[in-house]
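Whatever order the structure lists them in is the order used to number ligands and atoms, beginning at 1.
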Amino acid sequence: MKTRTKAVVIGGGIAGCSTLYHLTQEGWSDVVLVERDELTSGTTWHSAAQVTNFGMNQTMVGLKTHSINLYQELANDPDYPINYHHGDGGIRLANTEAQMDGYRHFTSMARGMDVEFEVLDAAECARRHPLISTDNMIGGLWDPMDGDIDPAQLCQALARRARKAGAEVYRNTPVTGLTQHKDDTWTVHTTKGDIDCDVVVNACGYRVNEVGAMMGVHHPVMSMEHQYFLTEDIPAIAQSDHRMPLLRCPISDYYCRQEKNGLLVGFYEQDCKTWGMDGIDPKFVNALCPDDLDRVTDVLEGAIARMPALAETGIHTIVNGPITYTIDGAPLVGPIPNKRNAFCIIGLRAGLGEGGGHGWLLAQQIVHGEACYDTWVIDPRRFTGHANVELTALKAIEDYQNEFRFHFPHEHRPAGRPAKTTPITPVMAAEGAEFTVVNGWERVDYIRPSSEFHETHGYYFNEAFDVVASEVSAVQNAVGLAEVNGFNRFEITGADRHSFLNRMICGRVNSKTGKVGLGYLLNHHGMIKGEATLANIDDARTWYGSAAASEFHDMDWLQSNLKADEDVQIKSLTNDQTILVLAGPKARDVLGAVSRGDWSAAAFPWLSVRECFVGIAPATVMSVSFSGELAYEIHVPNAQLYAAYLALRSAGQEHGLQLFGARAVESMRMEKGYLHWKADLITEFDPFETGLNRFIKMDKGDFIGRDALVKRVDAGPTRQLISLRLDTDKLPAHPGASVMVDGRVVGTVTSGDWGHRVGMNIAYAFVEPAFATIGTTFNLDCIGQIIAAQVIASGPYDPENTKVRS
Ligand SMILES: Cc1cc2nc3c(=O)[nH]c(=O)nc-3n(C[C@H](O)[C@H](O)[C@H](O)COP(=O)(O)OP(=O)(O)OC[C@H]3O[C@@H](n4cnc5c(N)ncnc54)[C@H](O)[C@@H]3O)c2cc1C
């Protein structure tokens with residue numbers, strides 16, 4: 001066994017084998033995998049191993065396409081062919097029009113990744129799958145590449161290829177400890193000796209937290225018991241001239257695929273069960289949980305109603321095994337929060353289908369610092385401090401019970417809520433707030449006009465449209481008050497903080513006390529990494545503010561780029577303070593009534609910051625605006641938040657102050673051309689492509705990403721962010737929708753909403769540069785409807801910014 005290597009991958013299931021193989025493909029051949037028993041002896045060996053191309057965003061579709069292409073290549077390898085049924089096709093069923101709209105949206109989104117799905121009516125579903133009845137269904141989504149693979153053969157094939165490229169695999173070698181050294185390298189302790197390495201990867205499946213504990217980390221991953229059974233032969237299958245397509249059913253919560261001449265049917269029962277919450281028997285290897293078909297009777301009945309042949313067929317094998325879940329159902333693939341040189345590929349609940357792609361994206365991150373797609377949807381840092389085992393269990397149960405029921409736009413399910421609140425959350429609830437969830441925070445979405453008010457979730461503008469319009473109108477014509485909780489806030493101190501920030505940000509960094517600026521951080525490839533508001537509070541402190549979920553991500557990036565001799569300290573204040581936003585033409589009057597000092601435009605112009613009192617509450621006020629109206633962000637310590645709220649609420653009364661929420665903010669920021677991190681600001685595009693030219697200063701000297709950006713500018717843009725006006729008032733463009741010219745996809749929507757002040761349906765999209773000129777017309781595929789759209793100038797509301805400066 002080696003005693004020194006570049007990377008040690010811990011765990012020999014699909015996650016570990018795929019990572020090992022892809023590390024060798026990205027150029028690292030001196031890598032090893034250590035497995036406590038035999039390869040695939042965790043969950044992988046007994047997986048139903050379906051491999052679908054279906055995903056709900058382009059990153060997931062792209063990584064699954066990679067899996068499919070790789071698995072096809074492996075299956076066709078004459079030296080070591082493996083069993084992979086691909087191209088059987090698969091159907092996701094639907095019995096509501098809203099589900100069908102979702103499928104139409106996913107079809108539009110996938111087309112932008114060169115993946116073709118098809119929306120079928122019920123009769124066509126039955127034609128393609130002769131065993132199903134069409135009762136209580138209206139259609140489905142067809143994935144032509146759906147199939148299944150032999151999981152053990154797949155892992156062996158990946159390990160074999162990795163070995164051929166120089167990697168080594170040590171079986172029956174449990175990892176017993178991990179030690180990190182001062183230079184951030186690691187020693188991996190195993191029962192067979194120690195291995196020193198630069199990088200460790202946790203790929204330990206349901207034992208993720210045993211190995212996590214060895215580095216002092218608790219991952220928000222836990223397991224559920226999950227069952228399928230295999231039937232005896234079914235004559236109709238034996239006599240069929242083609243394999244049965246796969247089925248996934250959100251109506252009765254089961255899946256089904258052909259296995260030999262019978263069926264494999266798996267269940268997501270409501271009466272589901274967590275597993276291993278109080279520890280896992282060390283001898284649980286190549287093992288299963290006890291059968292418990294009684295638990296799945298509810299969903300089994302649905303499966304039999306759909307496939308009557310099941311009622312006449314015997315069951316010959318039952319499999320019940322642990323399957324891992326995270327808080328939001330997507331895995332954790334990437335850097336481990338608050339650790340250096342440590343990565344994970346965990347929480348995979350569809351690891352056979354996705355594993356090829358996840359290992360690919362992880363290896364790219366390890367070797368090159370970033371992957372070809374923006375990986376935020378699977379980034380382990382997307383949950384911050386609230387992600388604990390109890391919350392994960394609640395969300396896992398909820399997710400399991402809704403396995404094939406995707407979330408509609410604006411839908412947030414109830415389990416594990418509220419996770420994060422502020423002192424005024426109950427006050428907002430009493431005001432009638434409808435809450436959205438942002439990184440665990442309960443944030444006001446809008447104020448319900450009555451206690452009976454109910455919003456129908458779907459893809460069209462709905463009952464909330466007029467409510468949001470009225471909140472926007474209050475902000476535009478009088479004054480609005482909103483709580484923005486969870487906003488990420490670092491206090492940066494030290495003599496070198498300005499030069500440090502100047503290196504991190506690609507534009508001008510204002511170091512004047514009392515001034516606020518907006519800056520963009522690039523990665524080493526010159527692509528957008530982050531966005532930050534920098535406020536120089538006084539001569540010693542700069543506040544760095546960024547999106548609510550970015551705390552771990554941004555802290556990691558800033559800390560990892562600090563030089564050893566730099567006098568810079570970074571402290572998080574994210575959970576200590578909350579923002580009250582006061583916005584509208586009367587905002588100054590309200591603030592002036594509760595806070596001493598001169599708040600005139602001359603004394604406190606746009607982009608200023610000042611410490612003061614709001615009533616009796618200490619506050620840090622910034623004149624910045626995401627709404628496009630005169631506005632103040634009032635940062636208040638949580639202990640005094642209610643006091644500040646009461647002062648503003650009472651002073652606002654005579655000016656017609658109304659509460660507003662995130663939905664109104666979304667509408668207003670679209671009208672101003674403002675961008676959202678991880679919607680419009682992603683690592684797949686550079687700041688020029690993203691239209692941030694005024695925030696880049698190439699001649700200021702060095703900054704992170706500059707060299708790569710120079711090369712990108714020479715090569716010319718691949719895409720350009722544009723604003724669009726849609727020719728419909730029925731529905732917004734949903735992120736992922738395809739932008740088309742003459743039936744060809746030329747771009748993808750990143751954000752879309754109605755602009756209530758300009759009366760326009762606005763979307764942002766990245767398109768091929770040839771189509772970025774104002775006035776260019778397109779067709780958008782919005783849930784299967786072809787909507788005409790035209791490129792407009794970004795930020796149609798008050799383009800001269802007179803209101804924010806007023
Ligand atoms: C019944 C069932 C049906 C499923 N059906 C499908 C499906 O149809 N399609 C699909 O895509 N997915 C399916 N899944 C999910 C899929 O099987 C898993 O996502 C996948 O197998 C997880 O792989 P993994 O490598 O993350 O974990 P594992 O396969 O559990 O591998 C982790 C490995 O780490 C090793 N390890 C742990 N601790 C240590 C240590 N200290 N030192 C060294 N090694 C260690 C373990 O021994 C194990 O081999 C199913 C799961 C179940 C239970």
Q: Under the side-chain hydrogen bond (donor to acceptor under 3.5 Å, both in side chains) test, which residues partner H22, sequence neighbours left out?
A: S18, H66

Q: Who passes side-chain hydrogen bond (donor to acceptor under 3.5 Å, both in side chains) against D196, sequence neighbours left out?
A: T187

Q: Enumerate the side chain to side chain donor-acceptor pair (under 3.5 Å) contacts for residues 276-292, please, sequence neighbours excluded, ordered by first and then second residue.
A: D292-R295

Q: I'd like the residue list for ligand 1, meaning every protein residue with a non-hydrogen atom under 4.0 Å from the ligand.
A: I10, G11, G12, G13, I14, A15, V34, E35, R36, S41, G42, T43, T44, H46, S47, A48, A49, Q50, P174, V175, A203, C204, G205, R207, V211, H226, Y228, Y255, G321, P322, I323, L348, R349, A350, G351, L352, G353

Q: If we ignore angles and hydrogens, is there a donor and acceptor under 3.5 Å between the side chains of N95 and N136?
A: yes

Q: Run the numbers on Y268 and Y255 for side-chain contact (heavy atoms from CB on, under 4.5 Å), then give the verdict.
A: CA-CA 9 Å; Y268 291 99; Y255 55 80; 3.5 Å; yes

Q: Is the NZ or CZ atom of R92 positioned over Y103's six-membered ring, under 6.0 angstrom from the centre and within 45° of the axis?
A: no

